[in-house]
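First up is the structure itself, then whatever we jot down about it.
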Amino acid sequence: MFRQESCLPSERAAGAAARFLPMPHPAFLDSADPTIYALRTTAPGPTGKLPLTAQLLRGATSGYVFGMTQNAGMGWDPRKLLGKEFLILSTQGGIRAPDGTAIALGYHTGHWEVGLLMEEAARTFAAHGATPFAGYVSDPCDGRSNGTTAMFDSLPFRNDAAVVFRRLIRSLPTCRGVVGVATCDKGLPAMMMALAGTKHLPGVLVPGGTTLKAEEAEDTAKVQTLAARFAQGEITLDYAAQMGCRACGSPGGGCQFMGTAATSQVVGEALGLSLPHSALSPSGSAVWRDMARRSALAVMAMESTGKTMAGILTDDAVHNAMVVHAAVGGSTNLVLHVPAIAHAAGLRRPTVEDWARINAQVPRLVDVLPNGPTHYATVDVFLAGGVPEVMLRLRELGLLRLDALTVTGQTLGENLAWWEQSERRARFQQKLRDLDGIDPAKVILAPDRARAAGMTSTVSFLRGNLAPEGALVKSTAIDPTLLDGEGVFFHEGPARVFGSEDAAITAIKSRGSDALRQGEIVVLCGIGPTSGMPETYQITSALKYLPKAKGVVLLTDGRFSGVSTGPCIGHISPEAWAGGPLGKLRDGDVLRVRIDTRRLEGSVDFVGGSNTTASTDPNAELAARPICEKLTPDPNIPADTELWAALQSVSGGSWGGCVYDVPRIKALLNRPSCP
């Protein structure tokens, strides 16, 4: 029989107490520190008076006056509360002790030290009678996320952070200007999008710099392949442990290669958002700190002369950024980010045709990781003259729009005239000779010298029956030994289809019967924008550094890290989950890839399957197929990433920058525009 519960409250209470008999409690349940009881419920509050006037009180909002109260409450001298208010935003992460030791780690070195740049800017504002404010939106690390479900959040984070940055700017209604401090793959593009969308205010971008090269160590690109190389018996366990420990030469700054982080710094300066020779400075150095101080001065000068972002971010600025991107051999991820920055500024978004046209006109002039041929580090590019030195070479070719206004208050042409004769240029280039014995002219090359060195242009845009809406490849990073005498890469081989990155990396690491075989074309489908468009550096890095994988072609509807190399073709569109042909391939299908690295064009095609005959039309055969059984939904994709995918897919997709086109979205929802 069931026991009948007592209805009396006293009996129920006694029973409940009996169930919780005395037992040892965890030490953290209460504190043994007697000082916790030394507290009070009132305090005197700040001394002094707010600098109010009768006229101010009659005209001010309650928020304005309460803001002054809060400022005094945080310890700002109330006598200085009428100073102009400037906001410093950053992607700072982690908690550093004053001596630099770690109290709590950040996600990556890129945002570990940027708080020091904020301090320099804030002290500069205060020294000039202004009132500095600071806000933070920390950013993830794509290197840390690679090969994990965290990569589903990487690209969507960019839009989220840009929204929050803009909301923080608008939430300080008394703000007179913004300094944005950021470094890496998604935080820096997000910061540029936020500044671009704040057209009514002056703003300056402070790039967070780069980490130093580590002595007798691998760089932060190669070190990400330790697991794959160990699995293939290429390195020992002890070697992996040592190299994995020492790759970062300094505790702060973005990676040492021209990946997405470094390319974003370069593009920000080329847009005119940063002071000349700001990008790629070594994190923690005196020149790095000095940049932050001068950036605060620059934004105050912009405010005093009425200059705003609207005058900086123009079509000419976007053109210059695309030209410099091509000249440095920049990351293909900027094909996503530059249109997003343009969209935020209310400008026309550059198209695939624009990218192809500019890349066809602009020679690659910078010898830097991962493109080569010598593979200098980003700090070497900075010492060789950085962005302004590259722009001097481009000026010789007539490729820049020199009337574009920059945050210096001068045009790009005026900045370059200063740079060409500056002591700064001469002394830093000499520093590169003295420190490393490197000739600056071998890092940033004259156009004729670059052509003689066989340095191809940056990005090729492909078509074909597998990419009817386009695809791209960083052609400058294809091993020159894989090209013919005309600069053409050609390969025809059987497809090896994977529906997930995990399955692909398992085959690449394997030494058994399922191992990747020479000549196979890796097809990684189902990781396009619908899945958050994760990058696949875990795959591309292994293909680069494993001897058996040299020349293996990769086709994907996903994207790549900026340090990826080899014949890796991404952004294949339409993506598999949108019915794209890539999702209909099967193991053993014969595929053909042709990349002309001089004309920057090519094709990626399905030639035929096991049932194809001479009379079969490959296009018709492919169209009639159902999707591959390996293409299955990933249950780990977050709902908010699905929302991001839905919004950006109706806003132009990946070729449009993965943005939110609000008028388009509202039209589809049948929502009227605001009056």
Side-chain angles (χ1 to χ4, degrees), residues 113 116-117 120 181 183 204-215 219 249-250 252-258 261-270 272-295 297-298 324 327-330 365-369 374-396 400 406-408 410 412-447 449-450:
E113 291 185 327
L116 301 175
L117 295 174
E120 297 289 355
V181 184
T183 309
V204 174
L205 179 71
V206 178
T210 60
T211 189
L212 296 178
K213 298 174 287 185
E215 298 170 354
D219 61 75
S250 57
C255 291
Q256 302 129 333
F257 47 81
M258 191 58 69
T263 307
S264 295
Q265 293 189 40
V266 166
V267 162
E269 186 175 331
L273 293 177
S274 301
L275 293 178
H277 203 221
S278 291
L280 312 181
S281 60
S283 182
S285 65
V287 67
W288 176 80
R289 291 173 178 267
D290 174 75
M291 170 188 60
R293 294 192 291 268
R294 292 184 295 107
S295 295
L297 295 175
V324 173
V328 301
L365 303 176
V366 180
D367 184 347
V368 63
L369 284 163
T374 307
H375 300 99
Y376 295 107
T378 45
V379 68
D380 298 323
V381 178
F382 175 78
L383 292 173
V387 173
E389 192 69 19
V390 175
M391 286 182 145
L392 280 185
R393 307 297 187 210
L394 295 169
R395 187 186 66 177
E396 296 173 15
L400 296 172
T406 73
V407 294
T408 65
Q410 299 186 135
L412 174 60
E414 291 169 328
N415 289 347
L416 293 180
W418 161 78
W419 172 258
E420 189 171 20
Q421 304 299 324
S422 69
E423 178 186 5
R424 182 186 183 97
R425 179 192 185 203
R427 292 190 64 175
F428 276 113
Q429 290 182 344
Q430 186 59 46
K431 198 73 176 175
L432 181 58
R433 296 185 187 97
D434 295 341
L435 289 173
D436 294 338
I438 295 174
D439 179 0
K442 292 183 178 179
V443 181
I444 301 173
L445 287 74
R449 190 169 185 173

Would you say [X]'s side chain and [Y]'s backbone share a donor-acceptor pair under 3.5 angstrom?
{"X": "T210", "Y": "L280", "value": "yes"}
{"X": "S274", "Y": "L205", "value": "yes"}
{"X": "Q256", "Y": "V379", "value": "no"}
{"X": "D367", "Y": "V443", "value": "no"}
{"X": "S250", "Y": "L212", "value": "yes"}
{"X": "E269", "Y": "A279", "value": "yes"}
{"X": "T211", "Y": "C255", "value": "no"}

Approximate separation, where rounding is to 0.5 Å, of [X] [atom1] and [Y] [atom2]:
{"X": "M258", "Y": "Q265", "atom1": "CE", "atom2": "CD", "answer": "9.0 Å"}
{"X": "L412", "Y": "T406", "atom1": "CG", "atom2": "OG1", "answer": "7.0 Å"}
{"X": "M391", "Y": "L400", "atom1": "CE", "atom2": "CG", "answer": "5.5 Å"}
{"X": "T374", "Y": "L369", "atom1": "OG1", "atom2": "CG", "answer": "10.0 Å"}
{"X": "L383", "Y": "D436", "atom1": "CG", "atom2": "CG", "answer": "7.5 Å"}
{"X": "M291", "Y": "S285", "atom1": "CE", "atom2": "OG", "answer": "8.0 Å"}

Would you name the heavy atoms of [X] and [Y] that are closest together and state the gap between them?
{"X": "Q410", "Y": "N415", "value": "NE2-OD1, 3.2 Å"}
{"X": "R425", "Y": "E420", "value": "NH1-O, 3.1 Å"}
{"X": "G209", "Y": "T183", "value": "O-CG2, 3.4 Å"}
{"X": "W288", "Y": "E113", "value": "CH2-O, 3.3 Å"}
{"X": "A298", "Y": "V407", "value": "CB-O, 4.0 Å"}
{"X": "L117", "Y": "V181", "value": "CD1-CG1, 3.7 Å"}

* Give the ring-plane orientation class for W419 versus H277, where under 30° counts as parallel, over 60° as perpendicular and anything between as tilted. =>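 Aromatic pair W419/H277 classed tilted.
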
* Asked: K213 and side chain to side chain donor-acceptor pair (under 3.5 Å): which partner among D380, D219, T378?
  ->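 So, applying the side chain to side chain donor-acceptor pair (under 3.5 Å) to K213 and each of D380, D219, T378, only D380 qualifies.
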
* To do: Run the numbers on V204 and R294 for side chain to side chain contact (heavy atoms under 4.5 Å, CB included), then give the verdict.
  => CA-CA 10 Å; V204 174; R294 292 184 295 107; over 6 Å; no

* **Set of ring pair (Phe, Tyr, Trp, His ring centres under 6.0 Å) partners for Y376, sequence neighbours left out** =>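 Partners of Y376 by the ring pair (Phe, Tyr, Trp, His ring centres under 6.0 Å) criterion come out as none, since no residue qualifies.
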
* Side-chain touch V328/V368, heavy atoms, less than 4.5 angstrom ->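 Side chain of V328 against side chain of V368, heavy atoms only: no contact under 4.5 Å found.
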
* W418 side chain reached by T408 side chain, heavy atoms, under 4.5 Å -> no

* Dump the intermediate steps for side chain to side chain contact (heavy atoms under 4.5 Å, CB included) on V324 and V266, then the final yes or no. => CA-CA 8 Å; V324 173; V266 166; 3.5 Å; yes

* Asked: Will you find, in the side chains of R433 and Q430, an N or O donor that is under 3.5 Å from an N or O acceptor?
  -> yes

* Decide salt bridge (Lys or Arg N to Asp or Glu O under 4.0 Å) for R293 and D290; before the verdict, give the C-alpha distance in whole Å, the side-chain angles of both, and the deciding distance to 0.1 Å. => CA-CA 5 Å; R293 294 192 291 268; D290 174 75; 3.8 Å; yes

* Let me see the working for L392 and E389 under side chain to side chain contact (heavy atoms under 4.5 Å, CB included), right down to the final yes or no. => CA-CA 5 Å; L392 280 185; E389 192 69 19; 4.0 Å; yes

* Criterion side chain to side chain contact (heavy atoms under 4.5 Å, CB included) on K442 and R449, from CA distance to verdict -> CA-CA 9 Å; K442 292 183 178 179; R449 190 169 185 173; 3.2 Å; yes

